[in-house]
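Notes for the one structure printed next.
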Amino acid sequence: MTDEVAELRALLAASKRAVVFTGAGISTESGIPDFRSPTGMWAKVKPIMYQDYVSSAAWRAEAWKRKFEHEHTMRAAEPNRGHRAVARLVREGRVNAVITQNIDGLHQASGIPERQIIELHGNSTYAHCLDCAERYEIDDLRVAWQRDGVVHDCLKCDGLIKTATISFGQSMPEHQMIRAREETLAADLFIVLGSSLVVYPAAGFPEVAKRKGATLVIVNNEPTGLDEIADLVIHQGIGDVMGGAVGVN
Ligand code: NAD
Ligand code: ZN
């Protein structure tokens with residue numbers, strides 16, 4: 001165990017109420033590319049803005065094409081050592097909530113109860129109507145898309161159907177933002193795992209935690225803009241760091 005991992009282990013042991021905050025980096029070891037690593041998605045395609053999605057059938061078609069083309073990667077992904085370590089911390093009552101920017105559902109798949117996961121950017125494993133919130137399963141939408149070449153509008157209200165994710169330009173989910181803030185304010189230890197910390201308002205939570213007096217830990221392969229204010233920064237892979245600190249293989 002490196003000195004840094006030992007330090008993280010000691011911080012976890014001393015904490016009464018920790019929060020884990022995750023980004024795309026925790027899921028790369030499960031085979032899902034992140035955005036901003038040198039090999040990330042960002043280098044290949046730019047995300048589709050919410051305004052473009054709602055105002056243009058062509059952008060919606062492009063969004064669904066990308067979704068159905070990339071879906072198998074996400075579907076095949078399983079929780080990795082980092083997810084398992086976080087799940088163990090939750091199970092042991094050392095971590096009260098996991099605030100995630102991820103949309104892959106891997107924290108749920110690792111066994112963390114839904115009520116302890118706060119999804120700031122929604123979830124791409126299902127879809128819903130933007131007007132009436134009716135839920136639609138991706139498998140059903142794919143059948144129609146393959147047959148008719150489009151994803152149709154909502155059967156109930158004619159509204160637009162979109163994956164249940166928060167796109168750039170879309171307003172943040174109010175309830176989740178409130179919960180994330182409450183958990184952040186109550187935390188004595190705040191651990192960031194695999195986020196470049198450039199997407200706001202999500203990236204504001206580590207700052208709030210630090211200002212409120214929590215110990216801030218950042219585990220990320222590359223430097224982030226908040227490394228300077230963090231109490232412990234570990235530039236290593238999340239699986240090894242968290243697995244080592246928590247004792248999970
Ligand atoms: P990001 O891509 O901006 O940053 C990820 C960071 O994780 C990078 O700085 C990278 O160096 C680091 N990293 C990658 N693998 C790592 C590993 N194994 N160990 C340690 N560090 C590692 O991700 P972000 O900050 O979460 O912002 C991207 C946005 O894109 C988020 O809003 C998220 O919703 C979305 N997104 C989600 C997924 C997913 O659900 N898995 C995947 C791609 C993008
Ligand atoms: Zn509807």
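This one's a predicted model, so the numbers in the text were calculated from it and none came from an experiment. One-based numbering, in listed order, for ligands and for the atoms of each.
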Does a salt bridge link [X] with [Y], judged by any charged N lying under 4.0 Å from a carboxylate O?
X      : Y      : answer
Asp231 : Lys210 : yes
Glu137 : Arg135 : yes
Glu183 : Arg179 : no

How close does the nearest protein non-hydrogen atom get to [atom], and which residue and atom is it?
atom                    : answer
atom 19 (N) of ligand 1 : Ile238 N, 3.0 Å
atom 29 (C) of ligand 1 : Phe35 CD1, 3.6 Å
atom 39 (C) of ligand 1 : Asp104 OD2, 3.5 Å
atom 4 (O) of ligand 1  : Ser196 N, 3.2 Å

Just by distance, no angles: are the side chains of [X] and [Y] close enough, under 3.5 Å, to form a donor-acceptor pair?
X      : Y      : result
Asp104 : Ser27  : yes
Ser195 : Gln101 : yes
Lys162 : Ser167 : yes
Thr100 : Thr22  : yes
Trp59  : Tyr50  : no
Glu119 : Gln108 : yes
Asn221 : Gln236 : no

Original post:
Does at least one non-hydrogen atom of Gly40 fall below 4.0 angstrom from an atom of ligand 1?
Top reply: no
Which of the numbered atoms in ligand 1 are below 4.0 angstrom from a heavy atom of [X]?
X      : result
Gly194 : 5 (C), 6 (C), 7 (O)
Ser37  : 10 (C), 11 (O), 14 (C)
Gln236 : 19 (N), 20 (C)
Ser27  : 41 (N)
Thr28  : 14 (C), 15 (N), 16 (C), 17 (C), 18 (N)
Gly23  : 26 (O)
Ile32  : 41 (N)

I'd like to check whether [X] has a polar contact with ligand 1, where a contact means an N/O of the residue lying under 3.5 Å from an N/O of the ligand.
X      : value
Pro33  : no
Ala24  : yes
Val219 : no

**OP:** State plainly whether one hydrophobic cluster holds both Leu189 and Val192, where clusters connect Ile, Leu, Val, Met, Phe, Trp and Tyr through side-chain heavy atoms under 4.5 angstrom apart.
**Re:**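 Hydrophobic grouping puts Leu189 apart from Val192.
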Original post:
Do the side chains of Phe190 and Thr184 get nearer than 4.5 Å, heavy atoms only?
Top reply: yes
Original post:
Is any side-chain heavy atom of Trp64 closer than 4.5 Å to a side-chain heavy atom of Ile161?
Top reply: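 Trp64 vs Ile161: side chains touch.
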Subject >> Side chain Ser30, main chain Glu78, donor-acceptor under 3.5 Å >> reply: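 Judged by distance alone, yes, a pair lies under 3.5 Å.
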Pick from [options]: the one approaching [atom] most closely through a non-hydrogen atom:
atom                    : options                       : result
atom 31 (C) of ligand 1 : His70, His121, Met242         : His121
atom 12 (C) of ligand 1 : Asn220, Ile103, Ile26, Leu106 : Asn220
atom 8 (C) of ligand 1  : His235, Glu29, Gln101, Glu222 : Glu222

Subject >> Polar protein atoms (N, O or S) that approach the Zn ion (ligand 2) to under 2.8 Å >> reply: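 Protein N, O or S atoms closer than 2.8 Å to the Zn ion (ligand 2): Cys129 SG, Cys132 SG, Cys154 SG, Cys157 SG.
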Original post:
Which is it for Asp34 and ligand 1 at heavy atoms under 4.0 Å: side chain, backbone, both or neither?
Top reply: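 Both parts.
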**OP:** Just do the salt bridge (Lys or Arg N to Asp or Glu O under 4.0 Å) check on Glu222 and Arg36 with the steps written out, would you?
**Re:** CA-CA 10 Å; Glu222 293 166 289; Arg36 292 180 190 77; over 6 Å; no
